[in-house]
Amino acid sequence: AKEIWKNLGNVFVPDDGRYQKLRRIWQRGFGMHLGGVHTVVKFIGGIAHTRLHMGDTDKKMPFEPVSADKQREAMKFLKDNVFDFRYDETVSELANKMLPNRMPRFEGDGGPLNMAFHNMLLSTQANVLNYLYNPVLLTRMSDLEVHHKEGQDYFGIKEMFGAVYNAIWEDAGSTGRTDSFSRALQRRHFEVLSGFVLASPPDVPVDAITLARKEIDEISKLAIDALKKEGIDEYSNAHFEDIRVRSEAVLKAQIELSK
């Protein structure tokens, strides 16, 4: 996908000279990128199932959880290619050439005239978050702890929560600087965590709910520290002030609900 984007503007010249083909091929590259993400995310909390029978010579077990190292490798891939993903300068060069297809109907495909770069990236990031925080996956990750012997390396809910938090918030907390893509992702992540804290869904493991509350508290402190950074831009200032206010409201509401 990256090779397609890198060479698209210089190598590909449509036979009919229509800019619409540039747009279609760029979108196809984004689809390839999205397909890879959907494959990798399944390693998190994954378990292989083999239809073995007792007495088979194969020494594998019917259930084999994905190794902790493989899951950490998958998390790093998601950080580098989803949470930290940014469009490079080649996209900037192509953006004004990506005309929509207005045929066979004058209204086209019903989408915006220009490419919705922010929505496309946030949609991909939100899909990953929805998968990682899905109650079914969290319950499986909690149950998989039983599949591991004491002292055996294990990638559990706590480590997954921490990895996602660091990928989304760590850089912003240390610098106080954000861009429009990171602000949208942080807002979406905050909404997922606050939903756990406020609703306490019965199908979500208790550990996940308590970890979500802990991270809301950490995000509140991070926002307060970020607001003290020198040279913080107006967008980042407004973003972290909003996050601070929302964090305090969620924590206060959670205390009231628990009474």
Side-chain angles (χ1 to χ4, degrees), residues 41 44-45 75 78-79 82-86 116 118-139 141-142 156-259:
V41 74
I44 309 300
M75 278 302 314
L78 295 176
K79 178 184 185 301
V82 180
F83 300 137
D84 287 348
F85 178 88
R86 294 296 180 273
H118 281 79
N119 286 345
M120 289 178 67
L121 178 55
L122 182 59
S123 176
T124 301
Q125 294 169 331
N127 284 339
V128 172
L129 290 179
N130 291 340
Y131 183 89
L132 294 176
Y133 292 102
N134 187 291
V136 175
L137 177 65
L138 293 174
T139 300
M141 293 184 74
S142 180
I157 293 177
K158 177 184 175 182
E159 187 171 351
M160 189 272 283
F161 267 63
V164 174
Y165 174 88
N166 289 334
I168 295 175
W169 296 93
E170 190 173 42
D171 289 344
S174 60
T175 64
R177 293 191 295 270
T178 62
D179 59 25
S180 54
F181 298 104
S182 62
R183 289 191 293 271
L185 174 59
Q186 288 168 3
R187 180 69 171 269
R188 182 60 61 91
H189 182 235
F190 177 84
E191 289 171 350
V192 172
L193 296 177
S194 58
F196 281 179
V197 173
L198 294 175
S200 293
D203 55 346
V204 174
V206 173
D207 285 345
I209 295 174
T210 55
L211 285 171
R213 190 215 177 278
K214 177 177 178 290
E215 290 194 352
I216 290 285
D217 187 50
E218 291 175 353
I219 290 170
S220 177
K221 295 174 182 176
L222 180 147
I224 292 172
D225 290 340
L227 290 167
K228 298 175 183 177
K229 302 288 185 182
E230 294 185 6
I232 184 173
D233 64 271
E234 190 172 350
Y235 279 123
S236 297
N237 185 286
H239 169 68
F240 284 119
E241 178 62 19
D242 179 69
I243 290 294
R244 181 192 68 80
V245 172
R246 289 174 179 271
S247 299
E248 293 177 357
V250 169
L251 295 174
K252 182 179 179 180
Q254 194 259 346
I255 293 174
E256 292 296 326
L257 287 171
S258 63
K259 288 182 179 179

No-hydrogen, no-angle side-chain donor-acceptor test under 3.5 Å, [X] and [Y]:
X      : Y      : value
Thr124 : Asn127 : no
Thr210 : Asp207 : no
Arg177 : Ser236 : no

Fit a plane to each ring of Tyr133 and Phe196, take the angle between them on a 0 to 90° scale, and name the class: parallel (under 30°), tilted (30 to 60°) or perpendicular (over 60°).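 Tyr133 vs Phe196 ring planes: perpendicular.
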Mark yes or no for whether [X], through its side chain, and [Y], through its backbone, hold a donor-acceptor pair below 3.5 Å.
X      : Y      : value
Ser182 : Thr178 : no
Gln125 : Val82  : yes
Ser220 : Ile216 : no

Check this for me, if you would: do [X] and [Y] make a salt bridge, where the nitrogen-to-carboxylate-oxygen distance has to be below 4.0 angstrom?
X      : Y      : answer
Asp225 : Lys229 : no
Glu191 : Arg187 : yes
Lys221 : Glu218 : no

Checking side chain to side chain contact (heavy atoms under 4.5 Å, CB included) for the pair Leu222/Tyr165: CA distance, chi angles, key distance, verdict? CA-CA 12 Å; Leu222 180 147; Tyr165 174 88; 3.6 Å; yes
Nearest atoms (heavy-atom pairs only) where Ala223 meets Ile243: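 Here Ala223 and Ile243 meet closest at CB-CG2, 4.2 Å.
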Using the side chain to side chain contact (heavy atoms under 4.5 Å, CB included) rule, pick out the option among Val164, Ile219, Leu185 that qualifies with Trp169.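 Going through the options one by one, the only one that passes is Ile219.
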Given side chain to side chain contact (heavy atoms under 4.5 Å, CB included), test Phe240 with Gln186 step by step and report yes or no. CA-CA 10 Å; Phe240 284 119; Gln186 288 168 3; 4.3 Å; yes
Can you establish whether the number of heavy atoms outside Arg244 located under 6.0 Å from its atom CZ is more than 12?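 More than 12 heavy atoms, drawn from other residues, nucleotides or ligands, come within 6.0 Å of this atom.
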